[in-house]
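A quick write-up on the structure given underneath.
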Protein chains: 2
Amino acid sequence: MRKGDATRARIIEAAARQAAIRGLAAVSLNDVAEDVGLSKSGLFKHFTSKDDMHIAVVEAVLDRFRDFVRTPAQALPPGRPRLEAIFDNWLRWGENEWADSGCPVNQLSIEFDDQPGPVRDLLRARLGTFRDAVLAEFQALRDPPLAKAEAQAAYFQMKSFIFGHSDARRMMGDTDAARTARAAFQALLDRTAKAAA
Amino acid sequence: MRKGDATRARIIEAAARQAAIRGLAAVSLNDVAEDVGLSKSGLFKHFTSKDDMHIAVVEAVLDRFRDFVRTPAQALPPGRPRLEAIFDNWLRWGENEWADSGCPVNQLSIEFDDQPGPVRDLLRARLGTFRDAVLAEFQALRDPPLAKAEAQAAYFQMKSFIFGHSDARRMMGDTDAARTARAAFQALLDRTAKAAA
DNA sequence: GACGAAAGTGACCGATCGTGCTCTTTCGCT
DNA sequence: AGCGAAAGAGCACGATCGGTCACTTTCGTC
């Protein structure tokens, strides 16, 4: 079943692109089918329902997010090098890989944060393990390691800057947003690394 | 035409509540009509089309945002008092006035930031004047006033913390998010107020 | 090259979408 | 009290929604 897998991947790709722009709920099967050059009924050979396709899309986006943002950073030394890589990867992931929509993880988070269900559960679980991994890197910024509360405060600001960048860049059209975000994050690292225990 | 205005306001209110949770595009006229106790065709005595209702909803949300977040702060002295009030109002506006959806301005921003059209234009314009007003308060933090670039960097972080709070509170279920956000913002004010010129 | 399974098509279903139409009820004013 | 206009109901429309089914084409394997 080689052919089927490739088609399934193309469907997910098309759906994810559209979802990142208009929101997952606004993606119709007709649009996806036309985009990928398939009949609408052909989609049902790869997914049992629209909801089934939805969670497949979210899972695929989260997988690619991990592969692009977090995994490459694991090759670097713990602490600051990894944190800098993760932050920079995240900005580039939004600006380059999703050039006409921005980071789909942010979009999906805001779309589903008030809607209970499998999509939100999936997002919450996967983003939770991501957060825990980043928290560990923040703790490794100092020796002895940072208190957990301090790491959490730092992670809060890190993730905030990611959202802020997306808003400044895409909503307000600030082409300098990436530079501003990087500067804010570097200052955060400086502060966190040398703060009094 | 007193009665009509009241009904129109109730329609907008219901539509805004739903839009804050599911997104504006996912709000159907049927749902709104049922919610407000009206027939679907009755809606068209107050709006010429669904798009017309959309911009009315966005305008109303932005008006209430201004009235709740920015206007009360104008009674305080410029600079830090106003900034603290604006930030605190913003957090409370999201947590209290929109208890089961979070701040609708954030939601609308992310939903429409990649979709050109009148809604995005309206958001961009109104949020732009809000930003300019807050920038002036940041500049008033010091005498002589802050350089514009520094004020912009500070505003970027302020708005970032608002987004971060929404994500932590609603997506990740962190009930302590408001405290974390306030602490981060206070530290930002401290830094900005005393940084070297 | 044949054959079974996987992949994909086209027609169709009931429900719901936004919107126009005509008609009735209700309000605001003199 | 009466009258014109505003507010709203009811119905119907074409389009589109997610989804099913019977059928055909294509693929992977022996």
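What you see is a predicted model; the values in this text were computed from it and never measured. Order of the sequence lines sets the chain letters (A, B, ...), proteins ahead of strands, with each chain counted from 1.
- Of the N and O atoms on the side chains of B/Glu84 and B/Gln186, at least one donor lies less than 3.5 Å from an acceptor on the other residue.
- Dashed line: the shortest gap from a side-chain N or O of B/His46 to OP1 or OP2 of D/dG8 is under 4.0 Å.
- B/Leu43 comes within 4.0 angstrom of nothing in the nucleic acid, heavy atoms only.
- One atom, CE of A/Met53, and another, C1' of D/dC17, lie 13 Å apart when rounded to the nearest Å.
- One can place CD1 of A/Ile11 at 10 Å from C1' of C/dG8, the figure rounded to the nearest angstrom.
- Nucleotide D/dG8 holds its C1' atom 14 Å from the CZ atom of B/Phe47, rounded to whole Å.
- Atom CD of B/Glu34 is surrounded by 12 or fewer heavy atoms from other residues, nucleotides or ligands within 6.0 Å.
- Summarising the geometry, the separation between CG on B/Leu38 and C1' on C/dT24 is reported as 15 Å, rounded to the nearest angstrom.
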Tabulate atom names and distances for all N/O pairs under 3.5 angstrom spanning the protein and nucleotides 3-5 of chain D.
none

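- The two residues A/His46 and A/Arg8 make their nearest non-hydrogen contact at O-NH1, 2.9 Å.
- Taking the nucleotide of DNA chain C with the nearest heavy atom to each of B/Lys45 and B/Asp51, the more 5' of the two is matched to B/Asp51.
- Under the ring-ring contact (aromatic ring centres under 6.0 Å, His included) criterion, A/Phe112 pairs with no residue at all, not counting sequence neighbours.
- Using a 4.5 Å cut-off between side-chain heavy atoms of Ile, Leu, Val, Met, Phe, Trp and Tyr, with links allowed through other members, B/Ile110 and A/Val105 fall into different hydrophobic clusters.
- In this structure, the CD atom of B/Glu34 is 17 Å from the C1' atom of D/dG8, given to the nearest Å.
- Scanning residues 22-30 of chain B for heavy-atom distances under 4.0 Å to DNA chain C yields B/Val27, B/Ser28, B/Leu29, B/Asn30.
- Distance alone, capped at 3.5 Å, places no donor-acceptor pair between the A/Thr192 side chain and the A/Leu189 backbone.
- Legend: residues meeting side chain to side chain donor-acceptor pair (under 3.5 Å) with A/Arg70, ordered by chain and number and at least two apart, are absent.
- Counting only distance, with no hydrogens or angles, the side chain of B/Gln157 and the backbone of B/Leu188 share no donor-acceptor pair below 3.5 Å.
- No side-chain donor-acceptor contact under 3.5 Å links A/Arg170 to the backbone of B/Asp114.
- A salt bridge links A/Glu13 with A/Arg64: the distance from a Lys NZ or Arg NE/NH1/NH2 to an Asp or Glu carboxylate oxygen falls below 4.0 Å.
- In the helix from C/dG1-D/dC30 to C/dT30-D/dA1, the end axes, each obtained as the rotation axis mapping the C1' atoms of four pairs onto the next four within a five-pair block, lie 30° apart to the nearest 10 degrees.
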Can you tabulate the close N/O pairs, meaning under 3.5 Å, that link protein atoms to atoms of nucleotides 10-12 of chain D?
unit_1 : atom_1 : unit_2  : atom_2 : d
D/dG10 : N7     : B/Ser41 : OG     : 3.0
D/dG10 : O6     : B/Ser41 : OG     : 2.7

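- Other residues, nucleotides and ligands place no more than 12 heavy atoms under 6.0 Å from the CZ atom of B/Arg179.
- Computed from coordinates, the B/Lys50 NZ to C/dT16 P distance equals 15 Å when rounded to whole Å.
- Of the possible donor and acceptor atoms, one in the side chain of B/Arg82 sits under 3.5 Å from a partner among the backbone N and O of B/Leu76.
- Straight-line distance from the CZ atom of B/Phe44 to the P atom of C/dC17: 12 Å, rounded to whole Å.
- The side chain of A/Thr7 places an N or O atom within less than 4.0 Å of a non-bridging phosphate oxygen (OP1 or OP2) of C/dG8.
- Listed for the B/Gln139 side chain is a donor-acceptor partner under 3.5 Å among the backbone atoms of B/Leu146.
- The backbone N or O of A/Asp113 sits less than 3.5 Å from a side-chain atom of A/Arg120, completing a donor-acceptor pair.
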